[in-house]
Q: 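Here it is: the structure, laid out below.
Reckoned from all heavy atoms, side chains included, excluding hydrogens, waters and symmetry mates. Not measured: the values here are computed from a predicted model. Note that the numbering runs from 1 along the sequence shown for the chain.
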Amino acid sequence: MSRIGAAALSLVMLLGLCACGGTTDEGTANAGGEGEKTKLYVVNWKDYGSDDQELIAAFEEEYNCEIVNSYMESEEQLLTSLKTASEGEIDVCLPNCTILPAAIEAGLLMEIDPTQMENFSSLYERFQTQKECFGEDGKMYAVPFVWGSTAIAYNTELMDAAPSSMADLFDEQYAGKVTIRDDYNDAIMAAAIVLGQDPTAPNDLDAIRDLLIQQKSLNRTYWQTGDEFSKLFAGGQIEFGMMWSGQAASMKQEGEPIGFVVPEDGAIGWVDNWAIASGSQNKELALAFINYMISKDVQYAWAAKGGPAPANQEAAESIDPEYAASCGMDEASLNRLYFMAYQDDETKAEWAELWTEVKAS
């Protein structure tokens with residue numbers, strides 16, 4: 001962490017928006033304006049960047065605006081909110097790739113011109129062309145913000161070596177010492193990795209069901225929230241388990257004896273993306289906000305505080321390599337991930353039913 005920390009946050013405040021501009025095809029979004037503040041309505045996860053006052057203070061000052069956050073509890077809830085929101089009720093939101101195609105097809109998001117955001121060119125090339133961000137018309141409707149993995153976190157005081165494979169989650173020698181998440185996507189994708197199936201389109205759900213039923217007897221418990229995992233970990237009730245890279249980084253920052261690994265056989269990846277709701281009345285300001293949130297300074301500063309991995313390549317390359325690797329936010333980890341993909345309603349129902357059968361077995 002020698003190259004990450006308070007200095008990064010100071011850098012954001014000192015530089016303001018000089019590194020991220022904020023102009024669009026309509027000009028500058030109320031920059032330096034006076035009078036009543038414009039409210040920009042953002043739907044996001046709680047404690048996920050847009051409600052971090054240290055990160056957004058410079059933006060609010062520069063654009064004489066106020067970021068008003070509301071929080072989602074699931075991706076499906078966000079999709080419903082976009083469908084039912086009144087005009088102007090949502091400006092910016094953070095869908096991941098599992099719901100983006102549905103949101104785009106339903107006309108719930110505005111087209112985004114990436115050439116109007118000077119920081120877009122600093123994103124990793126793979127994120128500049130993230131397929132879920134584009135509609136069938138070839139136009140872009142969302143911009144990658146951060147990425148991460150659901151892989152394996154372990155207690156460095158209880159384990160001599162890091163788990164080396166997703167298969168360790170299913171190994172009888174760890175009975176009662178392991179935990180996986182209570183989520184059908186994560187469970188099915190993890191089992192598919194172990195079985196050598198395509199995690200985004202498994203072809204043998206019966207084999208996956210059987211493997212997950214076998215794993216149930218080894219599992220200490222199925223956790224649902226990050227807080228549940230933290231308590232299991234802090235209490236020494238588990239030695240390792242499935243966990244998000246971002247939370248593992250935060251726990252590491254808090255001094256927990258936690259290691260994180262994206263095993264060689266792969267893990268689950270996800271990408272969160274900024275989008276502008278079709279009912280927004282502040283498109284210009286929304287574009288400036290997205291441009292700011294994908295800037296090198298903001299992404300570097302948030303990673304310093306234990307946030308997810310930056311989509312901005314310049315920010316990622318500024319992070320201490322040893323720290324990045326320890327949190328699974330290095331490029332080698334990125335290249336070992338199977339990224340979650342959109343599933344149609346029939347597939348989601350089938351996966352959910354399988355998971356219900358596993359837990360009831």
Q: Quick check: closest heavy atoms across Asp168 and Phe240, and the distance to 0.1 Å?
A: O-CZ, 3.4 Å
Q: Kindly say whether Ala311 contributes a backbone atom to a donor-acceptor pair with the side chain of Gln299 at under 3.5 angstrom?
A: yes
Q: Just do the side-chain hydrogen bond (donor to acceptor under 3.5 Å, both in side chains) check on Ser333 and Asp330 with the steps written out, would you?
A: CA-CA 5 Å; Ser333 294; Asp330 58 316; 2.5 Å; yes
Q: Are Tyr342 and Tyr338 connected into the same hydrophobic cluster when the rule is that any two of I, L, V, M, F, W, Y join if their side-chain heavy atoms are below 4.5 Å apart?
A: no
Q: Testing the 3.5 Å rule here: is there a donor-acceptor pair between the side chains of Asp344 and Thr347?
A: yes
Q: Can you see which heavy atom on Ala286 is nearest to which on Val92, and at what distance?
A: CB-CG2, 3.6 Å
Q: Does NZ or CZ of Arg126 fall inside the cone over Phe339's six-membered ring, less than 6.0 Å from its centre and within 45° of the axis?
A: yes
Q: Please report the shortest heavy-atom distance between Val298 and Met293, naming the atom on each side.
A: CG1-O, 4.1 Å
Q: Are more than 12 heavy atoms, taken from residues, nucleotides or ligands other than Glu105, located less than 6.0 Å from that residue's CD atom?
A: no
Q: Keeping the roles fixed (side chain from Lys216, backbone from Lys359), state whether a donor-acceptor pair exists under 3.5 Å.
A: yes
Q: Going by distance alone, is a donor N or O of one side chain under 3.5 Å from an acceptor N or O of the other, for Trp355 and Asp182?
A: yes
Q: So among Phe127, Phe145, Phe120, which one has a ring-ring contact (aromatic ring centres under 6.0 Å, His included) with Trp274?
A: Phe145
Q: Answer yes if the ring centres of Tyr141 and Phe134 are under 6.0 angstrom apart, and no otherwise.
A: no
Q: State, without any angle test, whether Asn312 and Glu314 hold a side-chain donor-acceptor pair at a distance under 3.5 Å.
A: no
Q: Is the ring centre of Trp223 less than 6.0 Å from the ring centre of Trp244?
A: yes
Q: Taking NZ in Lys231 as the centre, count heavy atoms belonging to other residues, nucleotides or ligands within less than 6.0 Å. Is the count above 12?
A: no
Q: Could you tell me which non-hydrogen atom of Pro310 sits nearest to which non-hydrogen atom of Tyr124, and how far apart they are?
A: O-CE1, 3.8 Å
Q: Okay, side chain of Asp204, backbone of Ala207: is any donor-acceptor separation there less than 3.5 Å?
A: yes
Q: Take Leu285 and Cys65 through the side chain to side chain contact (heavy atoms under 4.5 Å, CB included) test and state the conclusion after the steps.
A: CA-CA 9 Å; Leu285 184 60; Cys65 69; 4.0 Å; yes
Q: Considering all heavy atoms of both residues, which atom of Gln77 and which atom of Ser74 are nearest to each other, and what is their separation?
A: N-OG, 3.0 Å
Q: So, does Asn273 use its side chain to make a donor-acceptor pair with the main chain of Val271 at under 3.5 Å?
A: yes
Q: If Ile, Leu, Val, Met, Phe, Trp and Tyr residues are connected whenever their side-chain heavy atoms lie under 4.5 Å apart, and connections chain through other members, are Tyr41 and Tyr63 in the same group?
A: no
Q: Looking at Glu322, I'd like to know if its CD atom is crowded, meaning that more than 12 non-hydrogen atoms belonging to other residues, nucleotides or ligands lie closer than 6.0 Å.
A: no
Q: Between Asn96 and Thr98, do the side chains contain a donor N or O and an acceptor N or O under 3.5 Å apart?
A: yes
Q: When you compare the side chains of Tyr71 and Asp51, does any donor N or O come within less than 3.5 Å of an acceptor on the partner?
A: yes
Q: Tell me if the aromatic rings of Tyr48 and Trp302 count as close, with their centers under 6.0 Å from one another.
A: yes
Q: Is the backbone N or O of Asn203 less than 3.5 Å from a side-chain atom of Gln197, with the two atoms forming a donor-acceptor pair by type?
A: yes
